[in-house]
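We're numbering straight along the sequence, starting at 1.
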Amino acid sequence: MSETHDPVEAGLLVLDGQSNVRFQSGLGVRADVQERLKGLRGQLKARRLFGIELDGARCTVLGWRGADATLFLVHRGQREDTLLDFIGSVDFAYSILNHLVSSPYEGMTVVDHEAKVRFISPVHEGFFRLGTGEAAGKPVTEVIENTRLHEIVRTGKAEIGRVQQMRGVTRVVSRIPIVEGGAVVGAIGQVMFKAPEQLQQLSLEVNRLRDEIAQYKRELTGLRTRSTGIEQIIGTSDAIRQLKADIAKVAPLDVPVLLIGESGTGKELVANALHSLSARHGRPMVMVNSAALPASLAESELFGYEPGAFTGAERKGRKGKFESAHKSTLFLDEVGDMPLDLQVKLLRILQDGVFERVGGEQQRFSDFRLVSATNRDLGQMIQSEKFRLDLYYRISPVTLRLPPLRERLEDIPAIVQGFLAGLSSRNRSNVRFVDDKVYGYLQSLKWPGNVRQLLHEVERAAIFSDGTTIRVEDFRPSALPGMPSVVPAPTVAPEPAAVASGAAPSASGADMRSTVENVEESLIRDALKRHDGNKKRAAEELGISRSYLYKRLRLIEEQA
């Protein structure tokens, strides 16, 4: 028959220095309990909290060892008692519990169901200038100013992270009700932070970490969805498909590329695509418009200058375009318009990347990838000695030809639709549709200004359109006399005199181009005369860029 025990839940056992029983009660009377505790006596140095198994239940044992005797308090709890599990699993449980109630960083106050103080940690007793145990039994409102522990006991609702003023000092505290058997039996107040600044500092640190994570996410997203620039080159014609394939093949190669094509074919877009797909995409591409470089400042713009190099120079000197393009891409646009003397100075830096600033003697080095572009016939310019052959070899290991719009008229619908979508978002325009007749009409033209002219005319048509759809009649004459236009052809019959004389109803393409150039030259000369040679003001009056003005003036001089 198995041994049975009384359902006693607690006990006391006192042993002398030789482990003889001097007092026993409750669970301490049991022989098996005495045997277990005598075996543990040797492990006690002063006092210890630990757990033992008894009749399939966990028991909490608190032991004190003195010089002449050892005392054990035994309490039997339930299997699901977390505290007993903690005590039984952690040998230094007593030290942890002692730290929780006496920590100088987390002062604790305990009140009962009547909101009377039962315990205040030593650090709080010192803060409130109380003696040890002096506050016990007093209402908490008489001990701690601005307390709300009495409200926590009444409502049973916790308050976490609340600010409390005590003796002129601000603390961040938590107040938590303690529940047993469904009823509130007390509450605990505990300091979380000694000052709101600590909480604010923690918040700032959390926000900083969140910002860093957000930045890394953006960078990762950017790497995944980084624009290659190719998608901005719109079209599915054979010519554009081949161009995109060539760009993808050439971009990773660290070799100079020459882009040739008529004005308005998108050379800058191709340059951006080459840069974005290269290993140098981490730095911004540096662009130089050779046609817009004033002859007197071209060298300093490209190579930079040292302090005091010339009158008006900046004190600290200045980086040039080549130096700024270090580890990046230098896009040299309109390279065919570069003066011969400057072409000579480019040869060395294109050879080995070495150069000197204007007014300096120190040799500098720039590791850049060169992409050049021109709408000029460099072969003819080389023959007429207006462009150096050795420079041509430096800039053209790879040459990409950009097809004019007239060679890819099937791309016009896609170009127009893509442009209208962007125009609608930028200018909040309601024009989003194109009449089917417009595409056929636009594809019937030759487009000497290529894609740039097409977009210009479509934008003007969208502005003058009265509805949400662009129609053929929305296209207007050019605002600048003599410039090419895409106005619908007149339907009126030719003059009888012209028919009788056998005159052609319209001028040939060459005659029209010549007429346009003559009118343009006349307008430019008149504008310069009115502004005493001021090119900036003349360009503003004519509604053209200074780079285009410089280009036209250079052509006028060559023809003269």
Side-chain angles (χ1 to χ4, degrees), residues 254-258 267-268 271-272 274-276 278-374 386-388 390-395 528 531-540 544-551 553-554 557:
D254 209 15
V255 297
V257 179
L258 174 63
K267 293 186 285 295
E268 186 175 344
N272 277 315
L274 289 169
H275 175 67
S276 298
S278 74
R280 301 172 181 263
H281 68 268
R283 293 175 178 265
M285 183 178 72
V286 177
M287 179 176 175
V288 178
N289 191 326
S290 305
L293 284 176
S296 58
L297 299 177
E299 191 173 354
S300 61
E301 283 290 318
L302 292 176
F303 302 108
Y305 56 82
E306 297 290 353
F310 51 85
T311 303
E314 295 180 11
R315 276 186 173 184
K316 297 180 180 180
R318 187 177 178 184
K319 282 184 179 182
K321 298 294 186 180
F322 286 109
E323 197 169 349
S324 298
H326 182 60
K327 299 295 183 181
S328 184
T329 300
L330 180 71
F331 177 40
L332 203 57
D333 197 12
E334 306 289 359
V335 68
D337 297 299
M338 184 173 291
L340 277 171
D341 56 342
L342 191 57
Q343 294 179 28
V344 176
K345 296 175 181 178
L346 285 181
L347 288 173
R348 182 182 181 188
I349 187 171
L350 297 183
Q351 174 73 25
D352 51 23
V354 177
F355 67 99
E356 295 175 1
R357 287 183 177 180
V358 175
E361 298 179 354
Q362 178 185 354
Q363 288 192 344
R364 299 174 182 270
F365 173 76
S366 179
D367 174 21
F368 61 89
R369 196 263 185 93
L370 181 68
V371 177
S372 307
T374 183
K386 293 180 180 179
F387 197 86
R388 295 183 61 94
D390 46 3
L391 178 60
Y392 173 77
Y393 288 141
R394 294 277 193 278
I395 67 175
L528 288 173
H531 294 286
D532 297 325
N534 189 312
K535 298 181 179 63
K536 179 180 179 182
R537 293 182 180 178
E540 290 175 351
I544 60 178
S545 65
R546 276 192 290 173
S547 62
Y548 184 77
L549 178 60
Y550 284 121
K551 178 181 176 181
L553 289 174
R554 191 171 293 112
E557 292 175 0

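Remark: the backbone N or O of Asp333 is paired with a side-chain donor or acceptor of Ser290 at under 3.5 angstrom. The backbone N or O of Leu391 lies less than 3.5 Å from no partner atom in the side chain of Gln343, so there is not a single donor-acceptor pair. Side chain of Ser328 to main chain of Pro284: a donor-acceptor pair is present (N/O by atom type, distance under 3.5 Å, no hydrogens or angles). Side chain of Glu334 to backbone of Ala291: no donor-acceptor contact under 3.5 angstrom is found. His326 places no side-chain N or O within donor-acceptor distance of the main-chain N or O of Glu323, the cut-off being under 3.5 Å.
For Arg318 and Glu306, the salt-bridge test fails: no basic side-chain N is under 4.0 Å from an acidic carboxylate O. A salt bridge is absent between Arg364 and Glu356; no separation between the charged side-chain nitrogens and carboxylate oxygens falls under 4.0 Å.
Phe303 has its ring centre less than 6.0 Å from the ring centre of Phe322.
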Problem set entry | salt bridge (charged side-chain N to carboxylate O under 4.0 Å, His left out) between Asp367 and Arg280, intermediate numbers included | CA-CA 10 Å; Asp367 174 21; Arg280 301 172 181 263; 2.9 Å; yes

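Annotation: side chain of Met285 is not in contact with side chain of Val371 (no heavy-atom distance under 4.5 Å). Residues Ile395 and Leu350 meet the side-chain proximity criterion, which asks for heavy atoms closer than 4.5 Å. By the 4.5 Å heavy-atom criterion applied to side chains, Leu340 and Lys386 are not counted as neighbours. Proximity of Leu347 to Gln351: side-chain heavy atoms (C-beta onward) are nowhere separated by under 4.5 Å.
Among residues two or more places apart in sequence or in another chain, the ring-ring contact (aromatic ring centres under 6.0 Å, His included) test is passed with Phe331 by none.
Considering CZ of Arg388 and CG of Leu342, their distance stands at 11.5 Å, rounded to 0.5 Å. A distance of 13.5 Å separates OH in Tyr305 from CD in Glu299, rounded to the nearest 0.5 Å.
Closest approach of Leu553 and Lys535 over heavy atoms only: CD1-CE, 3.7 Å. Closest of all the heavy-atom pairs between Ala325 and Leu330 is CB-CB, 4.0 Å. Nearest approach of Lys319 to Arg357, heavy atoms of both residues: CG-NH2, 3.6 Å. Leu274 approaches Arg369 most closely through the heavy-atom pair O-NH1, 4.1 Å. When every heavy atom of Phe355 is checked against every heavy atom of Ser366, the shortest pair comes out as CE2-CB, 3.9 Å.
Partner of Val335 under the side-chain contact (heavy atoms from CB on, under 4.5 Å) criterion, out of Thr374, Leu346, Leu370, Val288: Thr374 alone.
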